[in-house]
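Report on the following structure.
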Amino acid sequence: MNNTNRLLGMLAMLVTLAAGTAAAASKLNLVGSTEDLAALAREVGGDRINVDSIARGYQDPHFVEPKPSFVLKLQKADLLVVIGLQLEIGWLPPLINQSRNSKIQPGAAGYLDASSFCHIDEIPVGQVTRAMGDVHPMGNPHYWLDPENGRRIAKALADKLSLMQPADSAYFAGRFADFDKRLTAAEKVWDAKMAPYRGRKVITYHRSWPSFCDRFGLVVVDYVEPKPGIPPSPSHTLELIGTIKREGIRLILVEPYFAIDTPRSIAEKTGGQVVVLLPSVGGVKEVTDYFQLFDYDINMLVKAFAKEK
Ligand SMILES: [Zn+2]
C-alpha cells in the first residue's frame, strides 16, 4: 500500500466513525413512565432508539416518589410514553413541567398516551364520585396486563417511531411483526398452561388484574382494598372472609408493593394461599421483558392452583 492509499484508507475510516457517531447522537430518546412501556419500546425500537423509564416495576405505579434524576431523563426525551387514565397523575405532571421540555408536554408530538390504543375495562358510567375510590376514575389503568393490549401498544409505538424517525420505519415495522409473531406463540403456551384453571375464582388486593384475569379466564370476586387506592378496613376484611368461605375461593393475588399481613391473615382464616404476582416488568430483577412478565405470573398461578385439589 502506498502513502496515498494509506491516507485514503484512513480517511474512509474516519468518515465511517463520524457517521457512526452522528447516528448514535441522532437516536431518538424514548422515556416510558413505567418499565412495561420501556420493555415494549425495546421490542420495536431495537438498537435504533435509546429507551429509559421512570417508575420501577416493584413500585406502586400510582405512587412514585419524584427524584431529580427523573427530571433529567425528561429533559433529554424526544418521546414520552405514558399509561394514562390518571395512573401517573400523582407524580408525573410536575416532573414534565419541571423538565421544561416542550417536545413532551401533553398534546405535543412527543407525548404518547398508550391507553388511547387499548381496550380499557371498568370505564365508569354516569357521574364519577370519590365514593368509587381514589385512583381509577377513568377506567382501569392496569390494561397492559392483557397481551392483546401489549400488542396494541407495541403497534402504536412502531407507528409513532416511524413518524419520528422515518429512515428506520422499515426496521420498526419489521421489529413489530417479529414481536407480534413471538407474542402469538407465547399466548398459545400461556393459554395451554391456564386452560385447566379457567373459571377459577380469585381475590386480588388492588384492581390491578381485570385485563389479565379476563384474558386468562379467572374470575375476580372481590378485593382486599375496599375501593381502589383505599387500604384494607376491618369491616371489609370480615365481609371478604365470609365471601371467600362461601364461594370456596383459594387464591388471594397480591402485588409486591402492598403489605402482606392482611392477605396472610385472610388466607390463614380461610385455608387459602397468598400468591404474589408481578404487575410489571422489573417487579423482580429476573423479569426484564414483557414475555418474562407473563411467564412469571402464569407459572406462579399454575404452581398455586396445582397445590389445591
Ligand atoms: Zn390501580
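Both ligands and their constituent atoms are indexed starting at 1 by order of listing. Because only heavy atoms are used, hydrogens play no part in the values below, and waters and symmetry mates are left out as well, while side chains stay in.
- Residues R151 and D180 are paired through a salt bridge, judged by an N-O separation under 4.0 Å between the basic side chain and the carboxylate.
- The pair E268-R264 does not count as a salt bridge, with every side-chain nitrogen at least 4.0 angstrom from each carboxylate oxygen.
- Within the structure, salt bridge (charged side-chain N to carboxylate O under 4.0 Å, His left out) pairs that include any residue of residues 101-112 comprise D78-K103 (at least two apart or interchain).
- Excluding waters, the protein N/O/S atoms found under 2.8 Å from the Zn ion (ligand 1) are H62 NE2, H136 NE2, H142 NE2, H206 NE2.
- Ionic pairing of R200 and E308 is not present here: no N-O contact between side-chain nitrogen and carboxylate oxygen is shorter than 4.0 angstrom.
- The pair R207-E122 meets the salt-bridge criterion, since a charged nitrogen lies less than 4.0 angstrom from a carboxylate oxygen.
- The distance between the ring centers of Y257 and Y205 does not fall below 6.0 angstrom.
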